[in-house]
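One structure is given here, and the rest of the page talks about it.
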Amino acid sequence: MFNKRIVAMLLAGGQGSRLECLTKTIAKPAVSFGGKYRMIDFSLSNCINSGIDTVGVLTQYRPHVLHTYLGNGAAWDLDLNEGGLHILPPYYTEEGGNWYNGTADAIFRNLDFLERYNPKTVLILSGDHLYKMDYHKMIEFHDKNNSDATISVIRVPLEEAGRFGILNVDSSYRVTEFEEKPDNPKSELASMGIYLFKYSVLKEALLNDQQDYSSKNDFGKNILPNLLESGHNLYAYAFNGYWQDCGTIRSYFDAQMGLLKDVPDFDIFDKKYKIYSNTNISPPHHIGEKGNAKQSLIANGAYIGGSVFNSIISNDGYIGEGSIIENSLVLPGARILNNCRIEYSIVCENVTIKDNTQIRGSIDDIKVVSNEY
Amino acid sequence: MPNMTGIISTNYSSDCCGALTHDRGIGAMPFGGRYRLIDFPLSNMVNSGIIDLGLIAPMNFRALLDHVGIGKEWALSRKTGGLYILPGSPFGLKNLKGRFLIKDITKNKDVLERLPNDYIALCATSKVFNIDYRDILEFHLNHNADITLVYKDELLRLGPKDYSIIADESQRVISISNSSRDKSNCFLDTLIINKVTLEKIVYEYRSHEHMDLIELISKNLSVFNVFSYNFKGYTSSFNSIKGYLNANQDLLDYKINEEIFSKARPIITKTHDNPPAKYTSVSTVKNSIISTGCIIKGTVDNSIIFRGVIIMEGSVVKNSVVLQNSIIGENANLNYVVMDKQTKINDNERIEGTSENPIIIDKDHKYRKDRGYNVKSNKGRP
């Protein structure tokens, strides 16, 4: 028993089917992002930048790339004697075994892991959000209000609120009502899928949830509404920074294009708030005699023989001579040979595109180029 | 695992690159955008399966050990074997002549004795190449050699510390000399020696500790079986700031780049968690190597830009090497310049070197000519 003050549980088992073939062979948190990162880097970096040194990562769907990438957590300074990064896959017990069946079920099945650390507070995170957040500010808010559960929320325009899980609150931000994708939203506070629980409250709620056979074992749909109903203290913590869920092709593409602006939505160059990643060790990228790059991000190991405009070329990408890449994402190891033209497309990892190929998406129709293309 | 212990000597100094080599050991010399020279021998040995590896550190080891640490990046932080940091003698700082001081080996012979391998792969850290030591060991065993010296049979820029090797048809070494300059068959500061042979030499010359191993080998060519191994791959070496610039620019050749940074035998280095390099709508870049964390708003041509460099709008950087975290202001113009780490060029400054005499911008922000340490101009500098 270590008595950690806080333990983070990062839900990384989802398939992410809305990312189509990007998640065909790898879990959503392991999907490449911003040239050299993978989605999970942002949440893990937030943890270590907020001083949280104990993180359980719950994995299930296609875990190999993700597991290899996480390793022992050393890339995020999470290789510690007490605490650090733990990979938590589903496992078999004397009563049999099951896959994780919903977000709450995944945490329930790892209660014995939490018990070892006996934390005061448990932070529940997702592995596919782009944001920088000092979780300690949220914990302070949680403690100050003696909250049983605190949900991080972000303001969205009222007309868009219908797409989110919306929280109605009183003047002290105490939650009065949950509404899942309401037709007539009363509030503009959307849940970010980041929750803080008193461990004792969480444990009880998870045990009760398992007794309810009609439950979907989901935090948003079951655990939190049930806690509110049973009279617990629930608070909404309003987050002011940039936050983006990258769970769809549209949001995944737009969030990365946002990195390319002169004043980016999300600053990966901020030296005070580093984003850590488990980088491969490739040489610096090489722009050839006839190469050029404008308004782009280019990662290590890349070779640019052609022209790259408003695009991201990831680790070990290859752009042949005469090829023009515009408004596109070229994921790690992808090779675009000579005289190709790629517009508004996402070229998946390790895909090779032959000479003279033209792939043109449009701003409203992003083409995803996988092996089957 | 090959039956080899690796020893890398970094305990010698060099004044070949003026201000760049003035304060840092040669092993810590930055190279190729994100590397330091020590990465090449270290990675070569690790890629050859060597896990018992001694690093003879110079007295001014800070920059070197900042970089190498306990060898985590090279997977040398391990229970069996791993990286041994071996203290070099203070004499190394003044050692402008040789690269393998006998004293450094004598002082650390306990480690050599303790390690179980019968062969020692020795190498210095001034030259850049990608080699597999297992090939040399195979040659060494096939020739029943006591010592195998690795050389390159083409014209390299030989400096005062470089030896050239003359061998007969059977590759047996006839003479080793360091008197001639610009001669072919350049010794690559890389050799394999039987442990017993090394122990014998060290014992017999224990009262001549200040001498260099290569010097002693050349005196004993009739005593030992000394063979030479012709390395066919690309090699670069430099003895001046011009050579340093050219060696970096060699990496702009796609073939050379692919060979040095081979995917099968990657050169490993310390990672910095920098974001990818960013280009803006006004940047123009060609024939250049650009590292992570750079923000390029100007024009870059035929240059090597290290990590975290910022080049502002309107600036033109040509035929230059810009080391880590340097800043080039707006509308500046650089041609044939080598900028040290964390230096700054002000807006509208114009610095023109020539291909024969590139200008070094050192950490004191003064312009110094190669070798001569002439302060060329200090105008407009903070």
Side-chain angles (χ1 to χ4, degrees), chain A residues 33-37 41 45 74-77 79 259-264 266-271 274-305 307-318 321 333, chain B residues 31-35 39 43 72-75 77 248 251-254 256-258 260-263 266-297 299-310 313 325:
Chain A
F33 192 94
K36 70 172 282 193
Y37 305 100
D41 287 333
S45 298
W76 302 269
D77 280 344
D79 52 334
L259 302 176
L260 300 177
K261 295 182 189 164
D262 285 340
V263 181
F266 181 91
D267 187 8
I268 46 177
F269 281 82
D270 185 355
K271 287 213 164 80
K274 260 195 175 184
I275 307 300
Y276 297 92
S277 67
N278 189 0
T279 19
N280 64 341
I281 299 181
S282 290
H285 71 266
H286 180 185
I287 299 204
E289 198 80 60
K290 293 175 188 157
N292 195 12
K294 283 189 200 296
Q295 205 72 40
S296 296
L297 283 169
I298 303 184
N300 277 333
Y303 175 76
I304 312 296
S307 300
V308 176
F309 304 114
N310 202 40
S311 296
I312 298 179
I313 312 297
S314 310
N315 287 325
D316 303 320
Y318 178 95
E321 275 187 22
Chain B
F31 189 81
R34 69 177 300 198
Y35 303 92
D39 293 336
S43 305
K72 196 168 161 182
E73 270 85 2
W74 293 265
S77 162
N248 273 287
L251 300 174
L252 297 172
D253 181 316
Y254 189 77
I256 290 174
N257 195 302
E258 258 200 331
I260 286 289
F261 302 119
S262 146
K263 291 222 161 51
I267 303 302
I268 300 158
T269 188
K270 184 179 172 179
T271 55
H272 282 197
D273 286 281
N274 280 320
K278 186 168 187 176
Y279 297 90
T280 68
S281 55
V282 289
S283 53
T284 309
V285 188
K286 64 171 187 166
N287 205 33
S288 293
I289 283 174
I290 317 270
S291 310
T292 54
C294 288
I295 300 178
I296 311 288
K297 300 177 181 175
T299 300
V300 183
D301 184 9
N302 214 22
S303 298
I304 284 69
I305 312 294
F306 281 63
R307 293 188 267 208
V309 169
I310 298 173
E313 284 97 337
N325 293 333

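Order of the sequence lines sets the chain letters (A, B, ...), proteins ahead of strands, with each chain counted from 1. All figures in this text were calculated on a predicted structure; none of them were measured in a lab. No hydrogens, no waters, no symmetry mates; every other heavy atom, side chains included, goes into these values.
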(request) Take Ser282(A) and Asn315(A) through the test side-chain contact (heavy atoms from CB on, under 4.5 Å) and record every step on the way to the result. (result) CA-CA 8 Å; Ser282(A) 290; Asn315(A) 287 325; 5.6 Å; no

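- With a 4.5 Å cut-off on non-hydrogen atoms, Thr271(B) touches chain A through its side chain but not through its backbone.
- Here OG of Ser283(B) is found 7.5 Å from CD1 of Ile296(B). Values are rounded to the nearest 0.5 Å.
- Each of Gly288(A), Gly301(A), Ala299(A) has some count of heavy-atom pairs under 4.5 Å with chain B, and the biggest count is that of Gly288(A).
- Here Ile290(B) is the residue among Ile290(B), Asn257(B), Ile289(B) with the most heavy-atom pairs under 4.5 Å with chain A.
- Residue contact with chain B, scored on non-hydrogen atoms closer than 4.5 Å, involves the backbone of Leu259(A) exclusively.
- When each of Phe269(A), Phe309(A), Tyr37(A) is checked for heavy-atom pairs under 4.5 Å with chain B, Phe269(A) comes out on top.
- Here the OG1-NZ distance, from Thr279(A) to Lys36(A), works out to 4.5 Å after rounding to the nearest 0.5 Å.
- The distance from atom CG of Asp301(B) to atom CG of Asn287(B), rounded to the nearest 0.5 Å, is 6.5 Å.
- Contact of Leu260(A) with chain B is made through the backbone alone, with heavy-atom distances under 4.5 Å.
- Arg307(B) contributes atom CZ, which lies 5.0 Å from atom CZ of Arg34(B) (distance to the nearest 0.5 angstrom).
- Taking the six-membered ring for Trp and the full ring otherwise, the centers of Phe261(B) and Tyr35(B) sit less than 6.0 Å from each other.
- Pairs of residues two or more places apart, or lying in two chains, never qualify as salt bridge (charged side-chain N to carboxylate O under 4.0 Å, His left out) while including a residue from residues 269-290 of chain B.
- Checked by atom type and distance alone, the side chain of Ser288(B) pairs as donor or acceptor with a backbone atom of Ser303(B) at under 3.5 Å.
- In this structure, the separation between NZ on Lys261(A) and OG1 on Thr280(B) is 16.0 Å, given to the nearest 0.5 Å.
- Phe306(B) does not touch chain A: none of its heavy atoms, backbone or side chain, sits under 4.5 Å away.
- Judged by distance alone, the side chains of Thr292(B) and Asn300(A) never bring a donor and an acceptor atom under 3.5 Å apart.
- Contacts between Asn280(A) and chain B at a heavy-atom distance below 4.5 Å involve the backbone alone (N, CA, C, O).
- Residues of residues 289-297 of chain A that come within less than 4.5 angstrom of chain B, heavy atom to heavy atom, are Glu289(A), Gly291(A), Asn292(A), Ala293(A), Lys294(A), Gln295(A), Ser296(A), Leu297(A) in numerical order.
- Legend: ring pair (Phe, Tyr, Trp, His ring centres under 6.0 Å) pairs involving residues 268-290 of chain B, not counting sequence neighbours, sorted by first then second residue: His285(A)-Tyr279(B).
- Among Gly305(A), Ser277(A), Ser314(A), the residue with the largest count of heavy-atom pairs under 4.5 Å with chain B is Ser277(A).
- Counting heavy-atom pairs under 4.5 Å between each of Val308(A), Asn278(A), Ile281(A), Asp316(A) and chain B puts Ile281(A) at the top.
- Interface check for chain A: of the options Ile267(B), Asn274(B), Ile304(B), Ile260(B), the most heavy-atom pairs under 4.5 Å are formed by Asn274(B).
- Each of Gly293(B), Cys294(B), Ser281(B), Ser291(B) has some count of heavy-atom pairs under 4.5 Å with chain A, and the biggest count is that of Ser281(B).
- In this view, Ser43(B) and Trp74(B) satisfy the side chain to side chain donor-acceptor pair (under 3.5 Å) rule, not counting sequence neighbours.
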